[in-house]
Structure formats: structure tokens, C-alpha cells
2 protein chains.
Amino acid sequence: MPEIDHESPTPVYRQIAALIVKEIESGALPVNRKIPSESALTQRFGVARTTARHAVAHLREEGWVFTVPQRGTFVKERAGADDD
Amino acid sequence: MPEIDHESPTPVYRQIAALIVKEIESGALPVNRKIPSESALTQRFGVARTTARHAVAHLREEGWVFTVPQRGTFVKERAGADDD
DNA sequence: TATCATTTGTGCGTATGTATA
DNA sequence: ATATACATACGCACAAATGAT
């Protein structure tokens with residue numbers, strides 16, 4: 001279930017980020033939908049919160065999501081993407 | 001801005017430590033003032049967190065600062081130094 | 001009003017692996 | 001082998017804001 005390979009040369013945080021991107025692209029996570037919290041990711045993938053945070057920070061830097069303190073992180077609107 | 005010279009024979013962590021000492025001596029960082037966090041130093045100087053940590057550890061060994069776990073690192077009182 | 005759970009923000013402690021000189 | 005430096009990853013603790021009760 002975790003789908004995380006700790007032996008892979010690809011860092012864990014990037015693997016998690018990639019999986020979330022996949023969910024965004026598939027439509028499972030539409031625009032403005034809250035993505036799983038850091039704690040949720042921590043449990044789901046069996047990683048440390050710092051690692052989950054790193055994955056989210058990466059998604060933010062890549063423009064996939066935006067974060068609202070104390071509320072959560074949400075899927076960002078992109079040019080050429082369908083709205084919810 | 002970084003004022004860090006990676007080509008210098010002086011290790012990066014010592015250069016950072018020296019800059020902080022300068023700020024303490026100039027009064028920019030008075031006694032009991034919290035010095036920049038490891039993350040802040042990491043960003044400010046464009047170094048790895050381990051390097052920033054090394055710089056802070058060095059300052060601690062030299063008696064310039066003291067660290068309170070989970071709270072931060074603060075400027076230590078010195079004999080002959082003015083209080084804040 | 002007060003309390004509680006949730007969630008992000010911040011900060012340090014530690015360890016491993018890699019690379020270079 | 002040692003010192004330096006970076007990237008990654010796990011752990012722990014506390015703060016602050018939000019939302020629900």
C-alpha cells in the first residue's frame with residue numbers, strides 16, 4: 001500500500017510528491033480539494049512528518065498546491081486544467 | 001549577501017560562526033537574544049543544515065551562545081560584556 | 001465562554017549515505 | 001583515515017490558529 005521504496009535512488013519525499021501529482025492529474029484530487037494532512041501522509045506512507053512536509057513543500061514549489069496555515073494544503077489551479 | 005567564500009581555506013562553518021560573533025560584538029545580537037535558527041542560517045548563507053548546525057555548535061563550544069532544546073539558541077552572557 | 005482535536009509552523013536532536021580534499 | 005559539506009530521513013516537542021462541540 002505504501003508504494004514507497006526506501007531503496008530507490010529517488011528520494012522518498014519525491015516518490016510521495018509524485019504519487020500526489022498522479023492523483024491530481026487523474027482527477028482524484030480536483031482543484032481546491034484539500035490534500036491529505038501531513039499527519040495523514042505520515043501514516044499512509046509510514047514516513048516521518050518531516051519527510052511528508054518535504055513532499056508537500058516540493059509540491060508547493062512546483063506549483064501544484066498552496067497551503068493555508070492551520071487549514072491545510074489545497075490543489076492549485078493550473079492553466080489548462082479543468083476546474084472542479 | 002551570503003558573504004561566504006567556498007574557496008577560502010577557512011571552513012564555511014567557521015566563516016558563518018565568525019559572522020555571528022561579529023553581530024554579537026557589534027551589539028546587533030544582544031545577550032539573551034535568539035540567534036537565527038538553523039533553517040534561517042541555511043537559507044541566509046545557502047548552506048546545508050548540517051553546516052549551519054556545525055557553525056552553531058562551534059559558537060556553543062566557544063561559549064558565545066547556549067541552546068535550549070526545542071526553543072532556540074541564544075546569546076550567552078560574558079564577563080565584561082554589557083547586558084541587554 | 002471554554003475545551004478539544006486538527007493542522008500547519010517552528011526548532012532542535014540524531015543518523016546515514018555520498019562526495020571531495 | 002579525517003575533515004568538510006551536502007542531501008536525505010526519522011524523531012520529539014511546543015506554539016498558534018482554526019473549527020467543532
Side-chain angles (χ1 to χ4, degrees), chain A residues 1-21 23-24 29 31-76, chain B residues 1-21 23-24 29 31-76:
Chain A
M1 170 118 327
E3 300 163 310
I4 293 299
D5 179 9
H6 285 265
E7 311 308 309
S8 167
T10 302
V12 173
Y13 80 90
R14 278 183 192 269
Q15 291 182 49
I16 294 175
L19 286 169
I20 295 174
V21 165
E23 292 186 32
I24 293 174
L29 287 175
V31 172
N32 287 323
R33 165 82 97 264
K34 191 168 100 49
I35 71 171
S37 71
E38 295 175 353
S39 300
L41 294 175
T42 290
Q43 289 179 47
R44 177 182 301 185
F45 296 109
V47 299
R49 190 186 155 203
T50 39
T51 303
R53 274 180 69 74
H54 199 165
V56 173
H58 188 69
L59 290 171
R60 205 158 41 225
E61 288 160 12
E62 299 272 300
W64 288 100
V65 302
F66 63 97
T67 296
V68 181
Q70 276 72 59
R71 310 240 34 256
T73 294
F74 307 80
V75 176
K76 200 176 184 176
Chain B
M1 169 124 332
E3 300 163 311
I4 292 300
D5 180 8
H6 285 266
E7 311 307 309
S8 167
T10 302
V12 173
Y13 79 91
R14 277 180 192 267
Q15 292 182 48
I16 294 175
L19 286 169
I20 295 175
V21 166
E23 291 187 33
I24 292 174
L29 287 174
V31 171
N32 286 323
R33 166 81 96 267
K34 192 167 96 50
I35 71 171
S37 71
E38 295 177 351
S39 300
L41 294 175
T42 291
Q43 289 179 44
R44 175 131 112 211
F45 297 109
V47 298
R49 189 186 154 201
T50 39
T51 303
R53 276 179 68 72
H54 200 164
V56 174
H58 188 68
L59 290 171
R60 203 158 42 225
E61 288 159 14
E62 299 271 300
W64 289 99
V65 302
F66 62 96
T67 297
V68 182
Q70 273 78 57
R71 312 258 25 253
T73 294
F74 307 80
V75 177
K76 201 176 185 176

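Throughout, a chain's letter reflects where its sequence line sits, starting with A, and its residues are numbered from 1. Every heavy atom of this structure was used, including side-chain atoms; hydrogens, water molecules and symmetry mates were not.
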S.K.: Where each residue is assigned the nucleotide of DNA chain D containing its nearest heavy atom, which of B/Q15 and B/R49 is assigned the position nearer the 5′ end?
M.R.: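 Nearer the 5' end of the strand: B/Q15.
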
S.K.: Which heavy atom in B/T42 sits nearest to a heavy atom in B/A52, and how many Å separate them?
M.R.: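 Taking B/T42 first and B/A52 second, the nearest heavy atoms are OG1-CB, 3.8 Å.
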
S.K.: In Å, rounded to the nearest 0.5 Å, how long is the span from OG1 of B/T67 to CG of B/L59?
M.R.: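 One finds 9.0 Å between OG1 of B/T67 and CG of B/L59.
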
S.K.: What are the two closest heavy atoms between A/P36 and A/L41, and how far apart are they?
M.R.: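 Shortest heavy-atom separation between A/P36 and A/L41 comes out as CB-CD2, 3.8 Å.
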
S.K.: Between B/R53 and A/R53, which is nearer to the 5' end of DNA chain C once each is assigned its nearest nucleotide?
M.R.: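 Its nucleotide being nearer the 5' end, the pick is A/R53.
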
S.K.: Write out all pairs satisfying salt bridge (Lys or Arg N to Asp or Glu O under 4.0 Å) with one or both partners inside residues 49-63 of chain B, taking only residues at least two apart or from two chains.
M.R.: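 Checked against salt bridge (Lys or Arg N to Asp or Glu O under 4.0 Å) - neighbours excluded - the pairs reaching residues 49-63 of chain B are B/E38-B/R49, B/E38-B/R53.
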
S.K.: Which part of the nucleic acid, if any, lies within contact of B/S39, taking any heavy atom under 4.0 Å across all strands shown: a base, the sugar-phosphate backbone alone, or nothing?
M.R.: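 Nothing, no heavy atom under 4.0 Å.
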
S.K.: A/P69 or A/Y13: which one's nearest nucleotide on DNA chain D is closer to the 5' end?
M.R.: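 Nearest-nucleotide comparison on DNA chain D picks A/Y13.
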
S.K.: Please state whether the rings of A/H58 and A/Y13 are parallel, tilted or perpendicular, taking 30° and 60° as the class boundaries.
M.R.: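 Perpendicular.
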
S.K.: Please name the pair of heavy atoms, one in A/F74 and one in A/V68, separated by the smallest distance, quoted to 0.1 Å.
M.R.: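 Distance-wise, the nearest heavy atoms are CE1-CG2, 3.9 Å.
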
S.K.: Listing request: all salt bridge (Lys or Arg N to Asp or Glu O under 4.0 Å) pairs with a residue in residues 4-19 of chain A, at least two apart in sequence or in separate chains.
M.R.: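 Salt bridge (Lys or Arg N to Asp or Glu O under 4.0 Å) check on residues 4-19 of chain A returns no pairs.
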
S.K.: Along DNA chain D, 5' to 3', what are the outermost nucleotides having an atom less than 4.0 Å from a heavy atom of chain B?
M.R.: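 Nucleotide range in contact with chain B: D/dT4 to D/dA13.
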
S.K.: Over all strands shown, is A/T50 touching base, sugar-phosphate only, or nothing at heavy-atom distances under 4.0 angstrom?
M.R.: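 Base: the residue A/T50, judged by heavy atoms under 4.0 Å, touches a nucleobase.
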
S.K.: Would you name the heavy atoms of B/I4 and B/F45 that are closest together and state the gap between them?
M.R.: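 For B/I4 versus B/F45, the nearest heavy atoms are CG1-CD2, 3.6 Å.
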
S.K.: Using the heavy-atom set of chain A and a strict 4.0 Å cut-off, write down the first and last nucleotide of DNA chain C that makes it in, 5' to 3'.
M.R.: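 Result: C/dT7 to C/dT10.
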
S.K.: Listed by chain and number, what are the side-chain contact (heavy atoms from CB on, under 4.5 Å) partners of A/E23, not counting sequence neighbours?
M.R.: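 Here the qualifying residues are A/A28, A/L29, A/R44.
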
S.K.: Can you give me the closest heavy-atom contact between A/A55 and A/A17, atom names plus distance?
M.R.: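 Distance-wise, the nearest heavy atoms are O-CB, 4.0 Å.
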
S.K.: Among residues 54-63 of chain B, which ones have heavy-atom contacts with DNA chain C below 4.0 Å?
M.R.: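 Contacting residues: none.
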
S.K.: Give, for atom CH2 of B/W64 and atom CD1 of B/I20, the distance between the pair rounded to the nearest 0.5 Å.
M.R.: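 Going from the CH2 atom of B/W64 to the CD1 atom of B/I20 covers 11.5 Å.
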
